[in-house]
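Whatever order the structure lists them in is the order used to number ligands and atoms, beginning at 1. Note that the structure is predicted; figures quoted are calculated from it, not measured.
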Amino acid sequence: MKVFIAGGRGRVGSPLADKLEARGIEVASGGLDDGIDALSGEGLAEALVGVDTIVNVLNTPRFDAAGAISFFEESTTNLNAEGERAGVRRHVLLSIVGVGQGDASDIGYYLGKVAQERAARSGSIPATIIRATQFQSYIPILIDQHTVDGKVLAPRSFIQPVELDEVIELLTEAATTLEPGSEIEIAGPDRFYHDDLFRATLADRGDDREVVTVDAQGAPDAMVPRGAHRVGTVRYPVPGIPLA
Ligand SMILES: NC(=O)c1ccc[n+]([C@@H]2O[C@H](COP(=O)([O-])OP(=O)(O)OC[C@H]3O[C@@H](n4cnc5c(N)ncnc54)[C@H](OP(=O)(O)O)[C@@H]3O)[C@@H](O)[C@H]2O)c1
């Protein structure tokens with residue numbers, strides 16, 4: 001079995017490659033550093049020869065709607081088109097819990113993920129969609145993204161961060177044994193409010209940035225699972241945060 005990881009040297013792609021290889025699965029990494037550009041299509045046809053499964057963990061720094069939508073839609077459409085020509089049998093996509101809910105935040109990046117899911121489903125290769133909540137190790141980066149003029153603007157909405165290794169395990173199953181076409185959500189064991197989580201995380205790191213609570217964009221529960229989902233077992237590493 002051969003798995004092509006689009007974005008194979010990223011935060012998710014790199015440990016996923018290690019886990020698959022440890023199970024004896026052949027892996028081809030498909031990132032810019034590997035000479036493959038999923039956006040232009042350069043190098044894809046050659047790289048997909050003999051591949052059974054594509055795992056799509058591409059990412060873009062574009063957070064504006066136009067940039068995020070065009071990146072995710074075009075790269076995913078290219079993967080599907082070249083994958084079909086090469087006889088690929090599964091396309092596994094990592095998305096985010098809540099994107100596409102009618103009452104979710106409409107920030108540009110999330111609209112890009114919605115477009116990516118739509119593009120993945122539109123080809124003839126069955127798309128398995130794994131939706132994860134924010135990774136626990138990503139929370140400090142999320143705090144930086146919410147910082148404006150030195151203050152952290154934190155919505156009073158829910159967040160249920162998951163340990164990255166547990167997402168990698170689910171992606172491994174999706175690439176190998178799960179029924180192609182499945183849709184599964186995964187979240188951590190505990191649900192917090194963003195502002196409480198951000199304050200506790202900053203205090204734990206000795207960071208004195210002020211956290212200012214702001215209104216939620218969209219419904220407060222839009223970005224946590226509302227239905228059946230896999231629950232991670234690893235607790236957030238900072239203890240004592242009030243549960244939401
Ligand atoms: N962070 C979270 O909490 C979270 C939660 C749920 C879902 N996700 C999703 O997880 C996915 C992966 O995120 P990540 O943090 O692993 O991203 P990342 O570390 O930024 O990695 C992205 C990868 O995409 C590759 N890439 C970018 N543009 C490319 C192009 N045109 N052609 C080929 N490869 C390209 C990069 O290749 P190079 O290294 O060669 O540049 C890099 O390996 C994202 O889709 C994100 O939405 C993230």
Asks: Which donor-acceptor pairs under 3.5 Å do side chains of residues 134-146 form with protein atoms, sequence neighbours excluded?
Replies:
unit_1, atom_1, unit_2, atom_2, d
Q136, NE2, P161, O, 3.2
Q136, NE2, V234, O, 3.0
Y138, OH, Q145, NE2, 2.9
D144, OD1, R209, NH1, 2.9
D144, OD1, R209, NH2, 3.2
H146, ND1, L142, O, 2.9

Asks: Which of these, E166, E169, E185, E173, sits in a salt bridge (Lys or Arg N to Asp or Glu O under 4.0 Å) with R230?
Replies: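 Only one of E166, E169, E185, E173 forms a salt bridge (Lys or Arg N to Asp or Glu O under 4.0 Å) with R230, namely E173.
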
Asks: Do side-chain atoms of D195 reach the backbone of R156 as a donor and acceptor pair under 3.5 angstrom?
Replies: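 Such a contact is absent between D195 side chain and R156 backbone.
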
Asks: Are the aromatic rings of F158 and F192 close, with centres under 6.0 Å apart?
Replies: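 No, they do not, as the ring centres are separated by 6.0 Å or more.
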
Asks: If we count only N and O atoms by modelled type, under 3.5 Å, do the side chains of T133 and R191 hold a donor and an acceptor together?
Replies: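 T133 vs R191: no donor-acceptor pair found between side chains.
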
Asks: Less than 3.5 Å apart, N/O on ligand 1 and N/O on the protein: could you list those pairs with the distances?
Replies:
unit_1, atom_1, unit_2, atom_2, d
ligand 1, 3 (O), F135, N, 2.9
ligand 1, 15 (O), R11, NH1, 2.5
ligand 1, 16 (O), R11, N, 3.2
ligand 1, 16 (O), V12, N, 2.9
ligand 1, 17 (O), N59, ND2, 3.2
ligand 1, 19 (O), R11, N, 2.9
ligand 1, 24 (O), N59, N, 3.4
ligand 1, 31 (N), D37, OD1, 2.9
ligand 1, 32 (N), A38, N, 2.9
ligand 1, 40 (O), L32, N, 3.0
ligand 1, 40 (O), D33, N, 2.8
ligand 1, 43 (O), G10, N, 3.2
ligand 1, 45 (O), L58, O, 2.8
ligand 1, 45 (O), K113, NZ, 2.7
ligand 1, 47 (O), Y109, OH, 2.6
ligand 1, 47 (O), K113, NZ, 3.0

Asks: Examine distances only and state if a side-chain atom of H194 and a backbone atom of A154 form a donor-acceptor pair shorter than 3.5 Å.
Replies: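 It does not hold such a pair.
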
